[in-house]
Chemist: 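Dropping the structure in here first, questions after.
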Amino acid sequence: MKAFRAPLLVLVLYGILFFTLPQLAMDSGIIAAQYFKEMALIMPPVFLLMGLSEVWIPKNAIQKWLGKDAGVKGTAFALVFGTLPTGPLYIAFPLAASLLRKGASIHNMVVFLGAWAALKIPQLLVETEFLGPEFTALRFVTTLGVLLLMGVVMEFFLKKDQNPAWMQEVEIPMKK
Amino acid sequence: MSTVIVIYTLVLTALAASFFKSPQKTKKAFKVAKKALVKSLPSLLLVIGIVGLTLGILSPGMIERLLGQEAGFFATILAAVVGAITLIPSIVAFPMAGSLLRSGATVMTITAFITTLVMVGVVTFPLESKVFGRQFALLRNGLSFLGALVIAVIMGGILS
């Protein structure tokens, strides 16, 4: 397994430290073990939640709700669909581009992409566990505010663009 | 700990509802979850190992000097730049951020790092500009970076 090469390397490093700087190896080992325990507790349900929404939320439902929906309702949908646990950003890019072609506003797509990146539900759950509910709530509110503003600014700058790039269909290498 | 209970309750409820509606789909959800977990496992383990080493080497006093109050706004900007460049899965970054915070890093600096980590993508920039055009990608990433600093300042002001 090529992917496990890096973590194995770190393990070897721990081994070397165990013989050269045993105190450091012990301290680090205890901290790492504690981390592992916390992660092992929280990751399975988080990933399961991702799996469930992957199975139950069809991609074309997002398409339908965001397509031509303008105004406040569209923004609300953009936020909700952005936060649902449905995969990495490289899936959101082509999705948002195709929505733009279908008449969604730039503002709503900026909110959609931002929520997808920064306000995902599984991410918020882990954040609450490790950084606390106050931190999470405040980051959610301030990030949302910034995203709404960004949408306005980008709408202003890009609207006059006659032939924007997303009008040309580009083939995106999708990993399956 | 109470968060863990909430998460488990939430997921178990969703799971029960899912199983009630379609055992088949629920089975598929498990498969998807397992695949995603296995795919993330190397980077999870790597980060756990590195965090252990980092916190083993750096004393809380050193962390405070590097990322704390006296490091000032420069540390915050540096954290924002590091967050923009690196590609750590955010769910892995939160535990690390939490322990840095407890060791004396400021809320402002940690927030800047987390926010640019999730919102600015230097590595994904080529893909983004291919899909949306350079202008869109530049604007979105640039504004996200500035926005991250604003968010960091606000949160630092309120939470410290």
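No experiment lies behind these values; they were computed from the predicted model shown. Naming: A, B, ... by sequence-line order, numbering from 1 per chain.
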Chemist: Can you tell me which portion of Pro133(A) sits under 4.5 Å from chain B's heavy atoms? Options are side chain, backbone, both or neither.
Modeler: neither

Chemist: Counting only heavy atoms closer than 4.5 Å, note whether Leu125(A) contacts chain B via side chain, backbone, both or neither.
Modeler: both

Chemist: Sort Leu9(A) into side chain, backbone, both or neither according to what part of it lies under 4.5 angstrom from a heavy atom of chain B.
Modeler: neither

Chemist: Contact part of Ser144(B) toward chain A, heavy-atom cut-off under 4.5 Å: side chain, backbone, both or neither?
Modeler: both

Chemist: Go through the atoms of Leu12(B) and report whether side chain, backbone, both or neither lie under 4.5 Å from a heavy atom of chain A.
Modeler: neither

Chemist: Under 4.5 Å heavy-atom distance to chain A, tell me which part of Leu117(B) shows up: side chain, backbone, both or neither.
Modeler: neither

Chemist: Please classify the contact between Tyr14(A) and chain B as side chain, backbone, both or neither, with a heavy-atom cut-off of under 4.5 Å.
Modeler: side chain

Chemist: For the residue pair His107(A) and Leu148(A), establish whether any side-chain heavy-atom pair is separated by less than 4.5 Å.
Modeler: yes

Chemist: Pick one of side chain, backbone, both or neither for Leu149(A), based on which atoms fall under 4.5 Å of a heavy atom in chain B.
Modeler: neither

Chemist: Might you confirm whether atom CZ of Phe73(B) has over 12 heavy atoms from other residues, nucleotides or ligands at distances under 6.0 Å?
Modeler: yes

Chemist: Tell me, for Val153(A) versus chain B, whether the close heavy atoms (under 4.5 Å) come from the side chain, the backbone, both or neither.
Modeler: side chain

Chemist: Using heavy-atom distances under 4.5 Å, tell me whether Leu113(A) contacts chain B through its side chain, its backbone, both, or neither.
Modeler: side chain

Chemist: Is the number of heavy atoms from other residues, nucleotides or ligands under 6.0 Å of Lys25(B) NZ greater than 12?
Modeler: yes

Chemist: In terms of heavy-atom pairs under 4.5 Å, which option from Leu24(A), Leu49(A), Val141(A) contacts chain B the most?
Modeler: Leu24(A)

Chemist: One pair to check against side chain to side chain contact (heavy atoms under 4.5 Å, CB included): Phe130(A) and Ile42(A). What are the steps and the verdict?
Modeler: CA-CA 10 Å; Phe130(A) 289 98; Ile42(A) 202 134; 4.3 Å; yes

Chemist: So, the side chain of Thr109(B) versus the backbone of Ala105(B): is there a donor-acceptor pair under 3.5 Å, distance only?
Modeler: no

Chemist: Could you check whether atom CD of Gln34(A) has more than 12 heavy atoms from other residues, nucleotides or ligands sitting under 6.0 Å from it?
Modeler: no

Chemist: Between chain B and each of Gly132(A), Ser28(A), Ala25(A), count heavy-atom pairs under 4.5 Å; write down the option with the most.
Modeler: Ser28(A)

Chemist: Pick one of side chain, backbone, both or neither for Leu139(B), based on which atoms fall under 4.5 Å of a heavy atom in chain A.
Modeler: both

Chemist: Can you find a heavy atom in the side chain of Leu100(B) that is under 4.5 Å from one in the side chain of Leu55(B)?
Modeler: yes

Chemist: Take Glu128(B) and Arg140(B), measure what salt bridge (charged side-chain N to carboxylate O under 4.0 Å, His left out) needs, and give me the verdict at the end.
Modeler: CA-CA 10 Å; Glu128(B) 190 177 348; Arg140(B) 201 191 68 80; 2.5 Å; yes

Chemist: Any idea how Phe136(B) and Phe132(B) line up, ring-wise: parallel (<30°), tilted (30 to 60°), or perpendicular (>60°)?
Modeler: parallel

Chemist: Under 4.5 Å, counting heavy-atom pairs only, tell me which of Val146(A), Leu138(A), Thr143(A) racks up the most with chain B.
Modeler: Leu138(A)

Chemist: Can you tell which of Ile48(B), Val32(B), Leu45(B) has the highest number of heavy-atom pairs within less than 4.5 Å of chain A?
Modeler: Ile48(B)

Chemist: Is Ser53(A) reaching over with its side chain to a backbone N or O of Met50(A), donor-acceptor style, under 3.5 angstrom?
Modeler: yes

Chemist: If you count heavy-atom pairs under 4.5 Å with chain A, which of Ala14(B), Pro95(B), Ser18(B), Ala33(B) comes out on top?
Modeler: Pro95(B)

Chemist: With a 4.5 angstrom heavy-atom cut-off, is it the side chain or the backbone of Leu147(A) that approaches chain B, or both, or neither?
Modeler: side chain

Chemist: Do any N or O atoms from the side chain of Asp27(A) and from the backbone of Ile57(B) form a donor-acceptor pair under 3.5 angstrom?
Modeler: no

Chemist: Quick check on the interface: out of Ala29(B), Gly147(B), Ala148(B), Ser22(B), who has the most heavy-atom pairs with chain A under 4.5 Å?
Modeler: Ala29(B)

